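Report on the following structure.
All of these numbers come straight from a predicted model, not from anything done at the bench.
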Amino acid sequence: MAVIAAYVVNAVLNLALGLLLAQILGPADFGRFALGIAGSVVLTTLFFEWLRLSATRFYSERVRGEEPWIRAILDRAYAATALCLVAATLLCLAGRPIAGPPATLAAAAVATAIGIGFFDYQTTLARARFIGGLYLKLVLVKSGLALVLMVGTAWVTGDATAVIAAAGVSQFLAAILIHRGLTDPRHRPDVERGRTMLRVFVAYGLPLIAANVVYQLLPFANRSAIAAVGGFSESGYFSLASDIGTRIFGTLGAALDVLLFQIAVRAEEIGGRQAGERQVARNLAVVAALILPSMAGVWAVLPALEAIVVPDAFRGHFTAYLLPMLPGLVAFAAMNYALNPVFQIRRRTMPVIVAALFGALVNALALLALAGPYGGYGIAVAQTLGFLAAFGLLAGLALTGPDRIALPWRDLAAASAATLLMAAAVWPLRTLAPWLALPACIGTGVLVYGGLVWLLDIAGLRSAVMERRRPALPAAAE
């Protein structure tokens with residue numbers, strides 16, 4: 001539960017952080033900041049993600065004691081990668097006399113990627129060992145530092161490059177402050193074993209990295225296209241809507257994934273591959289049971305949210321961009337946290353990159369067709385079409401063929417029906433005044449959907465709650 005709590009807190013603070021930075025920097029500089037951060041995320045994915053994914057899949061409390069060379073190899077690979085990025089940062093700074101401010105922006109983006117990568121590694125180790133309390137502490141420290149350093153830097157300098165650098169510093173400092181609790185005993189693996197494990201990590205992680213890079217490049221390319229078509233201000237409008245939407249669904253899905261996938265890995269360690277795949281299927285139902293009503297909830301509160309919390313300079317554009325992006329963002333979250341684990345548990349991850357490349361192709365074709373007549377809004381639709389195409393292909397690969405996964409159709413149908421009933425219940429409330437509509441929609445949605453989940457035991461959520469409460473009942477009776 002500490003892992004879920006960490007993600008809830010992180011989501012709230014990230015939402016507040018994005019809105020504060022948009023308010024202070026304004027559309028143009030926020031657009032530059034968003035482009036730089038997107039570049040940092042792409043670099044993190046490209047250079048560190050294969051190691052983070054390998055730690056998620058191959059490291060655990062059992063491995064810590066029985067196979068210590070795995071952690072030692074991961075540590076060395078992280079250190080070597082970080083040193084390469086330090087050299088790249090210095091190279092970018094050396095190019096400032098020639099390239100000017102863009103070189104400084106690039107240096108900040110590369111340096112921030114190091115901080116993000118180091119922080120993500122520490123959180124992955126905590127999750128793999130099921131140390132929820134330490135994981136919560138990591139996220140809280142990082143969120144607090146980011147809020148203070150990034151907002152303070154934006155307020156003092158008003159410079160997008162400085163704010164990007166502050167983002168990297170906050171993540172790196174949080175990881176440094178907490179890393180002692182995740183230290184393993186020193187181990188020196190032999191060279192041949194190290195090479196063998198690195199080959200395993202690459203074969204497992206490379207398709208996932210490539211897919212993630214493609215998915216990170218799609219919004220990056222789309223923001224750049226909007227900046228070319230409508231300027232940095234228009235890119236800023238798109239960026240705020242995209243960032244908030246991505247954080248809502250990405251944070252929710254990741255909050256589930258960090259716990260559920262580790263449970264599947266542990267199930268495979270104990271019961272073999274079939275036990276792991278059965279757990280992945282159950283996890284898929286849980287993800288669907290929470291992402292579907294979240295999509296309906298965002299749609300319901302969007303007008304009120306824009307009127308209450310979105311900065312004045314972005315109003316009128318926020319909903320116009322987020323609505324067409326909403327189905328794509330949900331499909332992207334479902335791919336990452338419901339479908340990808342099907343292939344990860346099997347250690348056969350090539351279909352993930354195939355789906356990503358197909359989605360990129362559809363995005364590019366739709367962008368060429370829609371950007372001219374519809375401008376930035378057409379580009380938002382193109383992004384959604386790309387994500388939906390990738391989701392459709394990956395779902396087809398997971399659900400067909402001799403190794404198709406057995407889906408919990410009853411839970412998926414029940415979650416879909418409950419979401420529709422919730423949407424119908426909140427529909428009339430959207431027209432209320434914003435300060436009334438927001439709590440009314442949230443309260444009604446939670447009551448309707450939560451009641452149906454409890455009544456129908458969708459995805460086994462009621463059973464899970466009762467199971468957690470059962471051990472406490474005898475003590476309560478005494």
Hey, mind stepping through N222 and Q383 against side chain to side chain donor-acceptor pair (under 3.5 Å) and telling me if it holds? CA-CA 7 Å; N222 291 335; Q383 178 172 294; 3.0 Å; yes
Apply side chain to side chain donor-acceptor pair (under 3.5 Å) to residues Y121 and D75 and explain how you reach the verdict. CA-CA 9 Å; Y121 182 42; D75 286 348; 2.5 Å; yes
Under the side chain to side chain contact (heavy atoms under 4.5 Å, CB included) criterion, do I114 and F47 qualify, and how do the steps go? CA-CA 9 Å; I114 299 172; F47 288 96; over 6 Å; no
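Of the residues R348, Q344, R57, the one that meets the side chain to side chain donor-acceptor pair (under 3.5 Å) test with Y204 is Q344.
A distance of 6.5 Å separates CZ of F332 from OH of Y337, quoted to the nearest 0.5 Å. The line from CG of N363 to CG of L217 is 11.0 Å long, rounded to the nearest 0.5 Å. Taken from OG1 in T123 to CG in L136, the straight-line distance is 12.5 Å, to the nearest 0.5 Å.
Within the 4.5 Å cutoff, the side chain of S54 has no heavy atoms near those of the M197 side chain. Side-chain contact between L326 and W299: present, with at least one pair of heavy atoms (C-beta onward) separated by less than 4.5 Å. The side-chain heavy atoms of R346 and I405, taken from C-beta on, include a pair separated by under 4.5 Å. Side-chain atoms of F118 and Q171, non-hydrogen and from C-beta on, never get closer than 4.5 Å to each other.
A salt bridge is absent between R32 and D159; no separation between the charged side-chain nitrogens and carboxylate oxygens falls under 4.0 Å.
Crowding of R462 atom CZ: a count of heavy atoms from other residues, nucleotides or ligands under 6.0 Å exceeding 12.
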